[in-house]
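Order of listing sets the numbers, starting from 1, for every ligand and every atom in it. FYI, side chains are in, hydrogens and waters are out, and symmetry mates aren't considered; it's all heavy atoms of this structure.
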Amino acid sequence: MSCELKQKERAGIINPIFTCQPCGAQYASIGVKDCIGIVHGGQGCVMFVRLLFSQHFKESFEIASSSLHEDGAVFGALNRVEEAVDVLLMRYPHVKVIPIITTCSTEIIGDDIDGVITKLNKGLLKEKYAGREVHLVPMHTPSFKGSMISGYDVAVEEFVKAFAKKEDVSNEKLNLITGWVNPGDVTALKHLLSEMEVDATVLFEIESFDSPLMPDGNATSHGNTTIADLTGTANAIGTIALNRYEGGKAAEYLQNEFGVPMILGPTPIGIRNTDIFLQNVKKMTGKSIPKSLAFERGIAIDALSDITHMFLAGKKVAIYGNPDLVIGLAEFCLDLEMKPVLLLLGDDNKGYKKDPRIMALKENVDYDMEIITNADFWELENRIKNEGLELDLILGHSKGRYIAIDNNIPMLRVGFPTYDRAGMYRYPVVGYAGAMWLGEQMANTIFTDMEYKKNKEWVLNVW
Ligand code: SF4
C-alpha cells in the first residue's frame with residue numbers, strides 16, 4: 001500500500017494532456033483589459049490556442065501573431081514584431097498593453113524580444129504614438145520547456161513585474177491570484193470575499209469570459225484586470241495565490257521585491273481547503289468569517305453527507321489536468337471517502353517532489369495510488385486496457401473523453417479545455433458552492449452509469 005510519485009517511463013508523448021507554454025501566456029493576456037498579446041511565432045501557435053479558448057468558453061478572444069515564415073525562421077523575424085505592434089496599435093485605438101509572447105521557433109533562433117521592445121519604446125512609440133499609453137511586456141515562453149501551466153505562471157509574473165509600483169501608503173487590498181480558473185470560480189471567490197467584506201484585487205479577473213450577447217452585437221470577450229490593478233499589487237496588504245503553479249511566482253516576486261506577504265494555496269476545492277482559504281483571508285485582512293458562510297458550509301456538508309458514505313465511498317477515480325486542480329480534486333475525493341488511484345500531471349515540474357500536498361499524500365494514503373508526472377493519455381488508456389486498472393470515475397477535461405467512452409467509464413468534465421458539455425465554465429469547483437456542485441455532479445454521473453449498466457440502479461428508488 002503506497003502512494004508513488006514517478007515519471008512516465010516511456011520517451012515521447014502519446015496524446016498530450018497539456019499544450020505548450022505560449023498557451024498559458026495567452027490565457028493570462030486575455031484576462032487583462034485593453035490588452036492584446038502578440039505571439040511571436042507561426043500563426044498556428046495562436047490559431048489552435050484561440051480555438052481552445054473559444055471551444056471552452058464558447059466566446060471569441062483577440063490574440064495577434066507575428067506570423068513567422070521561412071525567411072524569418074532562418075534569418076530572424078524581429079521586423080515582424082515591429083510591424084505587428086504598429087498594425088495592432090493602428091487598428092485598435094484602445095489597446096494599451098501588448099505582451100510579446102515567444103514560442104519554440106523564435107526562442108531557438110534567438111530573436112531578442114527584450115531588445116526590440118527597447119527599440120520600439122525609443123523609436124515607434126515615441127515618434128508615431130507619442131502621448132499614447134502603450135506598454136510592451138516581454139514574455140519568454142519556449143514550448144520546449146514546461147507546459148501551458150508554467151507559461152501562465154511566467155506571464156502572470158511578467159505582468160506583475162511590468163506594472164507593480166510601490167506607493168507610500170497601502171491600498172488596504174488583498175491580492176487574490178486565482179490561477180487558471182473558470183468564470184464560475186471567480187464569481188464564487190468574489191462571493192466569499194464579499195461576505196467577509198474584504199476588498200480584493202482579483203488577478204486575473206475573467207468572470208466576464210461568460211459574456212452576454214448584447215444588441216450592439218459585441219463579438220469578443222476580455223478580462224477585467226486593469227493596469228491600475230496590476231500597479232496596485234505592490235501596495236496590497238498581502239497576496240494569496242490559490243494555485244501554487246499558476247501565479248505562485250508572481251506572489252513570490254511581490255513578497256521579495258515589495259515586502260507584500262504571501263500565502264501559497266491551498267486550491268480551495270472541497271470543504272477542508274475552503275476552510276483553510278477563509279482562515280488565510282482572515283489572517284491576512286483581520287476580517288472575521290461571518291455566520292452566512294458557516295451556513296453555506298453547513299448546506300454543503302449536509303448535501304455531501306447525503307451522498308458520501310452511500311454512493312461515493314470506495315469509488316476508484318483517475319484524475320488528470322492542471323496540477324493544482326488535480327491535487328485539489330484528489331484531496332476532496334479523499335475527504336469523500338473515495339479512492340483517487342491515479343493522478344496524471346502533464347508536465348515534469350521539479351517542484352512536484354517537494355509539493356507539501358503530494359508529500360502528504362505519500363505519507364497518508366493507505367492504498368495504492370500512483371502520481372505520474374510528464375504524463376500523457378496513454379498512461380491512463382494503457383492501464384485500463386492492458387493492466388487491469390478498474391475505475392469507477394474519471395475526472396478531467398474533454399481531451400480524454402474517448403478513453404471514458406471507449407471503456408465505458410463514467411466521466412465528469414472538470415478543467416480546461418471542456419467543450420463537450422454545455423456551460424461547464426459557469427459552475428465553480430472552488431468554495432463551498434463548488435464542493436457541493438462537484439460532489440453532486442460526481443454522484444449524478446455515477447447514478448447515470450448505474451442506470452445504463454443496470455448496476456444496482458434500484459437503489460436509487462429507495463434513496
Ligand atoms: S509547440 Fe511550438 S510551434 Fe507548436 S504551438 Fe507550441 S510554440 Fe507553437
Side-chain angles (χ1 to χ4, degrees), residues 8 10-31 35-57 60-81 83-85 88 98-114 116-117 136-159 180 245-246 320-323 345-349 373-378 397-399 415-417 419:
K8 166 177 65 65
R10 265 172 305 117
I13 290 280
I14 305 172
N15 298 332
I17 291 170
F18 289 161
T19 184
C20 53
Q21 284 211 108
C23 171
Q26 290 173 70
Y27 191 62
S29 301
I30 57 176
C35 169
I36 297 182
I38 294 174
V39 179
H40 185 32
Q43 63 193 46
C45 309
V46 173
M47 191 272 178
F48 293 112
V49 169
R50 276 190 77 219
L51 180 64
L52 284 181
F53 296 157
S54 295
Q55 282 188 308
H56 180 87
F57 295 107
S60 191
F61 299 91
E62 287 171 319
I63 308 167
S65 167
S66 64
S67 190
L68 193 80
H69 284 91
E70 293 101 318
D71 54 345
V74 176
F75 301 114
L78 288 171
N79 59 322
R80 294 193 79 98
V81 175
E83 283 165 28
V85 168
L88 209 59
I98 304 179
I100 312 288
I101 300 164
T102 63
T103 57
C104 51
S105 51
T106 51
E107 285 286 344
I108 285 175
I109 60 178
D111 266 1
D112 178 11
I113 59 157
D114 302 85
V116 85
I117 286 175
L136 306 177
V137 186
M139 291 184 180
H140 292 274
T141 49
S143 69
F144 41 78
K145 196 178 156 203
S147 66
M148 64 187 206
I149 307 302
S150 55
Y152 181 87
D153 205 30
V154 165
V156 170
E157 186 186 19
E158 291 302 339
F159 274 124
W180 195 315
Y245 304 107
E246 300 162 7
Y320 61 83
N322 292 23
L345 310 178
D347 59 11
D348 56 357
N349 190 323
T373 64
N374 206 21
D376 55 16
F377 279 122
W378 179 247
H397 58 68
S398 299
K399 291 284 176 192
F416 176 91
Y419 44 75

Engineer: Taking atom types as modelled, is there a side-chain donor on T106 or H40 under 3.5 Å from an acceptor on the other?
Structural biologist: no

Engineer: If we count only non-hydrogen protein atoms and require a distance under 4.0 Å, does atom 5 (S) of ligand 1 qualify as touching the protein?
Structural biologist: yes

Engineer: What protein N/O/S atoms sit under 2.8 Å from atom 6 (Fe) of ligand 1, by chain and number?
Structural biologist: C20 SG

Engineer: Please determine which of D111, L136, V81 meets the side chain to side chain contact (heavy atoms under 4.5 Å, CB included) test together with V116.
Structural biologist: V81

Engineer: Just wondering, do S398 and P417 contact through their side chains at under 4.5 Å, heavy atoms?
Structural biologist: no

Engineer: Answer yes or no: is there an ion pair linking D376 with R10, defined by an N-O contact shorter than 4.0 Å?
Structural biologist: yes

Engineer: Do the two ring centres, one from H397 and one from Y320, sit under 6.0 Å apart?
Structural biologist: yes

Engineer: Do T103 and S143 pass the side chain to side chain contact (heavy atoms under 4.5 Å, CB included) test, and can you show the C-alpha distance, the side-chain angles, and the key distance before you say yes or no?
Structural biologist: CA-CA 6 Å; T103 57; S143 69; over 6 Å; no

